[in-house]
Every structure is written in C-alpha cells, then in structure tokens.
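Everything quoted here is computed from the prediction, not taken from an experiment. Note that the numbering runs from 1 along the sequence shown for the chain.
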Amino acid sequence: MSTKELICRFQNDVAGYYIPKSEMKRVGEMIGGTFADDASLRYLLGDVSEKARNRYCQTTYCSMCGEAIMISTNSEIDNLIVLCPPGYRGIPTMRFLRSGGISTVCKIGLSAIKRSITFEKNAVEVRKRFSDDRTWYLMTFAVRAGKTHHGLGSEILRPVLDWMDKNHYSVYLETHKAVNVEMYEHFGFQVADICFVPGSQIKQYGMLRAAR
C-alpha cells in the first residue's frame, strides 16, 4: 500500500478535523504558542521573536503537507496530532526551502537552520533503530496553551492509538520533557532510548508503543 493510500485509509477510518495546507499559518501559531517555553525549541531557535518562532513552525509543517496526517478534534485546532506513515525519513532541506524556508532563514538566522538540520538528522538516526515498515511516527502531540487539563489530549490521541491497535501498527515518538514520559507510558509507550540533543544538555527520550 502506498503512503497516499495509507493516509486515505486512516482518514476514512478516524473521524476528526483534517487540517488543510491553507491552515498552516494557524498551525504555526498554535505550535509556536504551545511550545514557546520548550527547551529544545528555544535551543534550536535561540532568542527570536514570537512572529519568527511561529513562522518557523509554519514552514516546518507546511513542508510536511501531503506526507503526514495533521488532525484535530475541532476547527479551532485546540489539539493537534501530526502523524507520519511508516517509511517517513524527515523533511528534505529543499522542500523546507520551497515551503517558505528562505524567508524563514532571514527571520531566525542561518545558525538556527543548521542546528535544526543537525537535530533532525540525529532524530532520524535514532528513530530508524526502533522503527520498521509497520511503525508510524508521532511527530507532534499538542494541546493549545490554556486548554490543558480538559481531556483534549486523550480525545485526540485515543482514537489514533485505537486505529493503530486495530491494524497492528507500532508508534514511535520523541519527547524532551521528563514529566511527559509518565504520561506517554499511560498510553502504552515505553522508553526505548535516551540521548542528548546534539550540542546541548537537553535529554531526548525516544518512546515506542509496540504493535498490539
């Protein structure tokens, strides 16, 4: 089954608001706001403005359109999952540039882009060790700032994991917050790897949820 066919199958089976490319600016603003204090994002981008941070996020997710599933439970995008099918190997640099990366470089600086490329390369290498042709990559799991503790996380994640179980897929993710590890363990993930983000003292926890 091709990537396109697999994405269509998922979309047919799992109800939700599937976010179109035209909404990438709002996605960038949601992610930029939600992860404004995330240590890994701050390390990657440095001390940039909110506008520049949002633009970086917008460009990143725009680069993935057509290659990943972006789903929320509502059109306000109060929660968000970005899910990459088996075989996903990261964002090619040229696709990033064609998706608005050149102007993004001007806003955040070339050094931030270099750190991002190194970060992505490391993440891909680690992920490959724990993934096979039936492993999906949960790139992003987010609940809008100010909307947490209302069940929005479970509301979007449970149906996705139920579909994975029904179809016997495994799921891999990374988190850079130790406090998130227990939360993901609650959903059936287990720590598969712990390393540091290249050039930093930020721990990266690779977590795998085995196929059921």
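- No side-chain N or O of Ser99 forms a donor-acceptor pair with one of Thr59 less than 3.5 Å apart.
- To the nearest 0.5 Å, atoms OG1 (Thr140) and CE (Met30) are separated by 9.5 Å.
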### Query
Going through the checks in order, is the side chain to side chain contact (heavy atoms under 4.5 Å, CB included) test met by Lys25 and Asn54?
CA-CA 8 Å; Lys25 182 177 181 180; Asn54 293 352; over 6 Å; no
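- Linking Ile, Leu, Val, Met, Phe, Trp and Tyr whenever their side-chain heavy atoms come within less than 4.5 Å leaves Tyr17 and Leu152 in two separate clusters.
- Between Ala192 and Leu208, the shortest heavy-atom contact is CB-CB, 4.3 Å.
- In terms of heavy atoms, Pro159 sits closest to Ser154 at CD-O, 4.0 Å.
- Remark: Asn12 CG is packed, more than 12 non-hydrogen atoms of other residues, nucleotides or ligands lying under 6.0 Å away.
- Here the straight-line distance linking atom CG of Leu83 with atom CE of Met164 works out to 4.0 Å at 0.5 Å rounding.
- Here OG of Ser63 is found 7.5 Å from CZ of Arg95. Values are rounded to the nearest 0.5 Å.
- Under 4.0 Å is where a charged nitrogen must lie from a carboxylate oxygen, and between Asp165 and Arg158 no such pair does.
- Looking at heavy atoms from C-beta onward, Pro86 lies out of side-chain contact with Asp132 at the 4.5 angstrom threshold.
- With 3.5 Å as the limit, one finds no donor-acceptor pair spanning the side chains of Arg212 and Ser170.
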### Residue pair Glu29, Arg26: steps toward the salt bridge (Lys or Arg N to Asp or Glu O under 4.0 Å) verdict
CA-CA 5 Å; Glu29 291 170 350; Arg26 288 209 300 139; over 6 Å; no
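- Side chains of Tyr43 and Val197 form a contact here, defined as non-hydrogen atoms less than 4.5 Å apart.
- Pairs passing the side-chain hydrogen bond (donor to acceptor under 3.5 Å, both in side chains) check and including a residue from residues 111-125, sequence neighbours excluded, read Tyr56-Ser116.
- Of all heavy-atom pairs spanning Ile7 and Gly66, the tightest one is CD1-O, 4.0 Å.
- A distance-only check finds a donor-acceptor pair linking the side chain of Ser103 to the backbone of Gly100 [under 3.5 Å].
- Phe141 is not listed as a side-chain neighbour of Asn79, based on a closest heavy-atom distance of 4.5 Å or more.
- Once rounded to the nearest 0.5 Å, the distance linking CG of Leu173 with CD1 of Ile81 reads 10.0 Å.
- The closest side-chain donor-acceptor pair between Tyr137 and Glu174 falls under 3.5 angstrom.
- Taking hydrophobic clusters as Ile, Leu, Val, Met, Phe, Trp and Tyr residues chained together by side-chain heavy-atom distances below 4.5 Å, Ile202 shares a cluster with Phe119.
- Two residues are said to be in side-chain contact when any heavy atoms from C-beta on lie closer than 4.5 Å; Ile194 and Lys203 meet this criterion.
- The local environment of CD in Glu50 is sparse, with at most 12 non-hydrogen atoms from other residues, nucleotides or ligands closer than 6.0 Å.
- Annotation for Ala68 and Val82: closest pair CB-CG1, 4.2 Å, computed over non-hydrogen atoms.
- Under a 3.5 Å cut-off, the side chain of Ser131 and the backbone N or O of Lys128 do not form any donor-acceptor pair.
- Between Met70 and Met64, the closest side-chain pair of non-hydrogen atoms falls below 4.5 Å.
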### Task
Given side chain to side chain contact (heavy atoms under 4.5 Å, CB included), test Arg209 with Leu138 step by step and report yes or no.
CA-CA 10 Å; Arg209 188 178 189 272; Leu138 180 56; over 6 Å; no
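- Note on Ile71 and Phe187: same hydrophobic cluster, where clusters join Ile, Leu, Val, Met, Phe, Trp and Tyr whose side-chain heavy atoms are under 4.5 Å apart, directly or indirectly.
- Ring orientation note: the planes of Tyr169 and Trp163 are close to parallel, at an angle under 30° on the 30°/60° scale.
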### Task
Give the intermediate values and the outcome of side chain to side chain contact (heavy atoms under 4.5 Å, CB included) for residues Phe130 and Thr135.
CA-CA 8 Å; Phe130 303 101; Thr135 304; over 6 Å; no
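- To the nearest 0.5 Å, atom CZ of residue Arg144 and atom CD1 of residue Ile77 are 7.0 Å apart.
- Separating the CZ atom in Arg55 from the SG atom in Cys62 is a distance of 9.0 Å, to the nearest 0.5 Å.
- Inspection of the Arg134 and Asn167 side chains reveals no N or O donor paired with an N or O acceptor under 3.5 Å.
- Side-chain N or O atoms of Glu23 include none that pairs as donor or acceptor with a backbone N or O of Pro20 at under 3.5 Å.
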### Test log, rule side chain to side chain contact (heavy atoms under 4.5 Å, CB included), inputs Leu80 and Ile19
CA-CA 9 Å; Leu80 174 68; Ile19 304 167; 3.4 Å; yes
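- A continuous path of ILVMFWY side-chain contacts below 4.5 Å connects Val48 to Ile117, so both sit in one hydrophobic cluster.
- When side chains are defined from C-beta on, Val171 counts as touching Phe189, because their heavy atoms get closer than 4.5 Å.
- Counting all heavy atoms, side chain and backbone alike, Ala145 lies closest to Thr34 at N-OG1, 3.6 Å.
- The side-chain heavy atoms of Val143 and Asp78, taken from C-beta on, include no pair separated by under 4.5 Å.
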### Message
Using ring-ring contact (aromatic ring centres under 6.0 Å, His included), reason through Trp136 and Tyr88 one step at a time and then give a plain yes or no.
### Response
CA-CA 8 Å; Trp136 288 68; Tyr88 177 76; over 10 Å; no
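- By the ring-ring contact (aromatic ring centres under 6.0 Å, His included) test, Tyr172 pairs with no residue at all, sequence neighbours left out.
- Residue Tyr18 is grouped with residue Leu6 when hydrophobic side chains (ILVMFWY) are merged at heavy-atom distances under 4.5 angstrom, including chains of intermediate members.
- Here the side chains of Lys21 and Tyr61 are not in contact, with every heavy-atom distance at 4.5 Å or above.
- Scanning all heavy atoms of the two residues, the minimum distance from Val181 to Met207 falls at O-CE, 3.7 Å.
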